[in-house]
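Here's the structure, in structure tokens; my notes come after.
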Amino acid sequence: AKKNGRNGYCFYNQEMSLKLSRQIAIEEALRIALAEDELEVFYQPQFNINNGEIFGAEALLRWHSKTLGSVSPAEFIPIAEQNGLIIDIGLFVLATTIQQVNQWQKSLQANLKVAINLSPRQFKDPNLIQKIALLVDDRSIASHDIELEITEGVLISGQAQVKQALDQLHELGFKLALDDFGTGYSSLNYLRHYPFDVLKIDQSFIADMLVSTESQALVTTIINMAHSLSMKVVAEGVETSTQLKILQQLACDFGQGYLVSKPLTAQQFEAFFRTQNTN
Ligand code: C2E
Ligand code: CA
Ligand code: CA
Ligand code: CA
């Protein structure tokens, strides 16, 4: 092996090539993940901040690779975005989640709602809207029970095409949520021009709220602003009862986080929902 250069280039290269080979390994394994049945949709309960009632869930993808073990979506989704695999993976999440909520609405006799994440790349599929509409038509559920979550990254990427797609989805009755609010660039402008029903405050603000009065002031401002624009607010990453209490005082609408539950398998979610709503 070569000696490390004075300026550390060798070390840098090693680190880069390690990262690259991990990426290549993930990409390779991801290509067969769908066919090998390695992907599973988990569901994290969403609750009413005021009374704790569970009314639905966010669908979160899990991948257990036979060769790589469990890989976090934070690691593999960006790679699937780059190579286009997100199109098929995204359709899998949509189809699985929509059929699941349909089944739950019958078996649990409840008007459950579910939120599904959409990646920027999925908006490049000219048939995206038609595909989503068909999935909902196939199952007897209402489009307004499906919420589609997008981040500001989607709005930056596609411009006119994305605006049109979101307007169409909204007209079809789907709910639209702006995810990770506060972490992007020009959030306020987006709120004016896009038909969002829900704003999700990023969990970093909720975490900082307890230790920083500035963060709490921001959360207060975001909630009030969203309400004045007729949007509902979801707080992400609610981990403590103190956070819950503050969010109640600030009239935040909904919450999600480890305080109530981590993401669950479909079976676990169903059991959880039954126990929550029988007492
Ligand atoms: P996200 O959409 O912001 O999802 C919320 C993340 O916060 C999830 O991580 C969830 O497990 C985690 N979380 C929930 N409650 C708490 C809490 O109380 N404390 C903390 N520290 N974390 C909490 P996860 O499941 O690892 O997903 C990471 C990201 O991967 C998601 O962030 C989303 O951007 C992406 N992702 C996951 N599933 C999908 C999918 O089906 N499609 C797309 N396009 N992206 C997905
Ligand atoms: Ca999300
Ligand atoms: Ca989020
Ligand atoms: Ca996030």
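In each ligand, atom 1 is the first atom listed, and ligand 1 is the first ligand listed.
Rounding to the nearest 0.5 Å places CD1 of Ile246 at 5.0 Å from CG of Leu210. Taking CG from Asn48 and CZ from Phe254, the interatomic distance works out to 6.0 Å, rounded to the nearest 0.5 Å. Between Asp202 atom CG and Phe181 atom CZ the span is 10.5 Å, to the nearest 0.5 Å. Between Lys175 atom NZ and Leu169 atom CG the span is 13.0 Å, to the nearest 0.5 Å. Within the model, atoms CD1 of Ile77 and CG of Leu85 stand 10.5 Å from one another, a figure rounded to the nearest 0.5 Å.
Below 30°, between 30° and 60°, or above 60°: for Tyr194 and Tyr190 the angle between ring planes is above 60°, a perpendicular geometry.
Near Val93, meaning under 4.0 Å from any of its heavy atoms, are these atoms of ligand 1: 41 (O). Proximity to Gly257 (heavy-atom distance under 4.0 Å) selects the following atoms of ligand 1: 15 (N), 18 (O). Atoms of ligand 1 found under 4.0 Å from any heavy atom of Gln44, numbered from 1 in the order shown, are 14 (C), 15 (N). Ligand-side atoms of ligand 1 in range of Asp179: 2 (O), 3 (O), range being under 4.0 angstrom from any heavy atom.
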Name each donor-acceptor pair under 3.5 Å that joins a side chain in residues 89-99 to protein atoms two or more places apart or in another chain, with its distance.
| from | atom 1 | to | atom 2 | distance (Å) |
| --- | --- | --- | --- | --- |
| Thr96 | OG1 | Phe92 | O | 2.6 |
| Thr97 | OG1 | Val93 | O | 2.7 |

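Listed by chain and number, Glu58 OE2, Asn117 OD1, Glu149 OE1, Asp179 OD2 are the protein N/O/S atoms closer than 3.0 Å to the Ca ion (ligand 2), with waters left out.
Using a 4.0 Å cut-off between charged nitrogen and carboxylate oxygen, Glu38 and Lys66 count as a salt-bridge pair.
For Phe269 and Trp104, the ring centers sit closer than 6.0 Å to each other.
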Checklist entry - Which is it for Gln256 and Glu236 under the side-chain hydrogen bond (donor to acceptor under 3.5 Å, both in side chains) test, yes or no, and what are the steps along the way? => result CA-CA 5 Å; Gln256 209 181 318; Glu236 294 194 291; 5.0 Å; no
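Applying the salt bridge (Lys or Arg N to Asp or Glu O under 4.0 Å) test to Glu270 and every residue at least two apart in sequence or in another chain returns Arg274. Every residue was checked against the salt bridge (Lys or Arg N to Asp or Glu O under 4.0 Å) condition with Asp88, not counting sequence neighbours, and none meets it.
Within the 4.0 Å heavy-atom criterion, both parts of Leu61, backbone and side chain, lie near ligand 1. Looking at Asp180 against ligand 1, only its side chain comes within 4.0 Å, counting heavy atoms. By the criterion of a heavy-atom distance under 4.0 Å, the side chain of Glu58, and not its backbone, is placed next to ligand 1. Of all the heavy atoms of Gln256, none lies under 4.0 Å from any atom of ligand 1, so neither backbone nor side chain is involved.
Atom 40 (C) of ligand 1 has its nearest heavy-atom neighbour, among Val238, Asn117, Leu259, in Asn117. Residue nearest to atom 11 (O) of ligand 1, selected from Pro263, Ala74, Ala80, Gly237: Pro263 (by heavy-atom distance). Nearest to atom 46 (C) of ligand 1 by heavy atom, out of Thr151, Thr183, Ile77, is Ile77.
Checked by distance only, ligand 1 and Gln122 stay at 3.5 Å or farther apart across all their nitrogen or oxygen atoms. At least one N/O-N/O distance between Glu239 and ligand 1 falls below 3.5 Å. Below 3.5 Å of separation, one finds an N or O of Gln203 facing an N or O of ligand 1.
No heavy atom of Glu81 sits closer than 4.0 Å to any atom of ligand 1. Residue Glu236 places a heavy atom under 4.0 Å from ligand 1. Distances shorter than 4.0 angstrom occur between a heavy atom of Arg62 and an atom of ligand 1.
A distance-only check finds a donor-acceptor pair linking the side chain of Gln248 to the backbone of Ile49 [under 3.5 Å]. Glu81 places a side-chain N or O within donor-acceptor distance of the main-chain N or O of Arg121, the cut-off being under 3.5 Å.
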